[in-house]
Amino acid sequence: WHPLLMAGGLYTLLTGLLLARVLPVFDRAIPGGPIAAVDGWQNVWNLWWVRTALERGENPFVTQMLFYPSGVGLYLQTLNITNGLLTLPVQWLGGPIAAYNTAVLLGFVLSGLGMYLLAWHVLRHRALALLAGALFAFTPFHITKLMDGQLEWIALQWIPFYMLALVLTLERHTPWFAVSAGGLFAAVALTSWYCALFVAVWSALWVVLHLAALRHSNRLWRACRAVILVAGTGSLVLLPIVLPGLRAMGWGNVWHEWTGDHAADLLDWLLPSPWHPLWGAQAQAWNQQIRPPYIGAWVIGPGLTLLALAGLGTWVAWRRLWPWALTTLVAGLLALGPSLRIAGVDTGLPLPFA
């Protein structure tokens with residue numbers, strides 16, 4: 001427990017420095033820039049509504065307080081009900097603004113701890129695991145989501161915990177880890193449907209790689225049963241919410257139309273956040289030159305430091321880390337959308353997303 005407490009203390013300290021200006025007004029103000037003036041307060045409302053619905057004994061995924069009197073379903077809304085449940089005690093004591101800031105704090109600290117545990121399991125090296133947790137928790141992407149007030153993207157902690165649970169499930173084939181992985185996948189989905197889609201793609205690839213390694217082993221059937229238990233647990237939790245959401249979504253060409261403009265540019269992996277103190281303004285100016293002005297969420301870069309260290313680590317420990325490198329490469333290719341764009345120019349080169 002001592003290394004875990006040390007890691008938690010470090011990530012709490014770093015998060016406190018990041019949120020220093022909001023700590024004195026913890027129950028009266030939220031951190032963020034211009035986008036947070038809309039999205040941040042919407043998420044404060046989400047937290048308040050989850051609490052209100054539960055206290056009334058109502059379904060939090062349906063409300064009459066919007067589009068009254070007919071009401072509206074929130075199945076596809078960025079409700080991030082996990083944050084509402086996680087911060088319920090804070091809401092009762094300090095109100096929804098304090099609950100929002102608590103969810104932000106937990107999003108950074110627990111994201112670091114989740115990645116610390118995952119990196120420790122993979123690397124068996126405390127210092128490197130500590131560094132991996134810090135790099136993951138404080139990436140340019142994560143800090144940009146803080147400044148945009150998008151709480152569903154701040155609460156990334158469920159992703160590394162889920163990944164660790166799935167890795168342990170495939171290694172040990174125990175029902176406890178399988179049920180935990182299914183429950184953690186549900187937590188990812190109930191925080192952000194986008195993250196659930198991304199994690200599902202990663203999971204499918206990871207399971208295929210693992211099962212391929214066991215194709216001549218008597219452990220193959222045990223691994224398959226464990227995967228079925230993971231999927232069954234997650235489905236049991238999510239189906240009552242997914243089915244009404246699918247009915248509300250409808251079908252059409254809207255996704256095909258969106259993917260072209262919203263796909264990543266190859267240079268996005270290298271661009272710093274617009275909030276970077278040294279070259280953020282230049283990054284923002286560059287972004288405005290290469291994409292339509294209505295594309296706001298363009299920061300996907302993990303940071304040049306993280307990219308360099310990841311490349312070095314993969315080269316040094318290739319035999320251990322090649323599955324992680326492969327799944328990262330596939331994720332990066334899918335993020336680029338149906339055709340390759342470089343500096344705002346569509347090359348027309350088709351990519352796997354197509």
Side-chain angles (χ1 to χ4, degrees), residues 75-78 139-142 144-145 148 150 152-153 156 159 162-163 166 185 188-189 191-213 227 231 234-235 238 242-243 245-273 283 286-304 306-307 310-311 314 321-354:
Y75 294 100
L76 300 180
Q77 158 73 346
T78 54
T139 57
F141 172 83
H142 206 191
T144 300
K145 293 307 176 185
D148 289 347
Q150 294 168 349
E152 74 279 8
W153 284 106
L156 294 178
I159 296 176
Y162 162 75
M163 295 171 83
L166 184 65
F185 178 82
V188 173
T191 305
S192 167
W193 294 117
Y194 290 115
C195 288
L197 176 61
F198 304 153
V199 166
V201 172
W202 173 84
S203 301
L205 183 58
W206 191 266
V207 168
V208 167
L209 289 174
H210 185 83
L211 296 183
V227 171
S235 300
L238 292 175
V242 169
L243 293 178
L246 289 175
R247 286 196 295 269
M249 183 171 65
W251 302 98
N253 294 324
V254 64
W255 303 113
H256 177 71
E257 295 169 1
W258 280 10
T259 50
D261 285 345
H262 288 77
D265 191 289
L266 185 63
L267 293 186
D268 286 341
W269 292 105
L270 305 177
L271 287 179
S273 163
W286 179 263
N287 164 69
Q288 292 173 349
Q289 295 174 20
I290 66 174
R291 59 172 48 85
Y294 54 85
I295 304 297
W298 58 271
V299 178
I300 63 168
L304 296 178
L306 192 152
L307 284 173
T314 303
L321 298 181
W322 73 264
W324 296 97
L326 178 60
T327 53
T328 300
L329 178 62
V330 171
L333 284 173
L334 290 175
L336 295 174
S339 62
L340 180 63
R341 292 187 179 212
I342 303 175
V345 178
D346 190 345
T347 66
L349 179 67
L351 294 175
F353 187 98

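When a residue number appears, it is its place in the shown sequence, counting from 1. These numbers come from the heavy atoms of this one structure, side chains and all, not from hydrogens, waters or symmetry mates.
From Leu205, atom CG reaches atom CG of Leu326 across 5.5 Å, with rounding to the nearest 0.5 Å. Considering CG of Leu243 and OH of Tyr75, their distance stands at 10.0 Å, rounded to 0.5 Å. Annotation: the span from Ser273 atom OG to Lys145 atom NZ amounts to 10.5 Å, rounded to 0.5 Å. Rounded to the nearest 0.5 Å, atoms CZ (Phe198) and CG (Leu334) are 9.5 Å apart. Between atom CD1 of residue Ile290 and atom CG of residue Leu271 there is a gap of 6.0 Å, rounded to the nearest 0.5 Å.
Using a 4.5 Å heavy-atom threshold, the side chains of Asp148 and Trp153 count as separate. Looking at heavy atoms from C-beta onward, Thr314 lies out of side-chain contact with Thr328 at the 4.5 angstrom threshold. For the pair Ser203/Tyr162, a side-chain contact is recorded, criterion being any heavy-atom separation below 4.5 Å from C-beta on. Looking at Met163 and Trp206, their side chains never come closer than 4.5 Å, going by heavy atoms from C-beta outward. A 4.5 Å side-chain heavy-atom check between Trp298 and Thr144 finds every atom pair outside the cut-off. Between Leu267 and Trp286 there is a side-chain heavy-atom pair separated by less than 4.5 Å. In this structure the side chain of Leu270 reaches within 4.5 angstrom of the side chain of Leu307, judged on heavy atoms. At least one side-chain heavy atom of Trp269 sits under 4.5 Å from a side-chain heavy atom of Ile300.
Between Leu209 and Thr327 the shortest heavy-atom distance is CD1-CG2, 4.2 Å. Smallest separation of non-hydrogen atoms from Leu156 and His142: CD1-CD2, 3.7 Å. Across all their heavy atoms, Pro338 and Ala354 have their closest contact at O-CB, 3.7 Å. For Cys195 against Ile159, the heavy-atom pair with the smallest separation is SG-CD1, 4.0 Å. What you find for Arg291 and Asp268 is that their closest heavy atoms are NH2-OD2, 2.5 Å. Residue Gly337 comes nearest to Ala263 through the heavy atom pair CA-CB, 3.6 Å, listed as atom of the first residue, atom of the second, then distance.
Side chains of Thr78 and Tyr194: no donor on one and acceptor on the other come within 3.5 Å.
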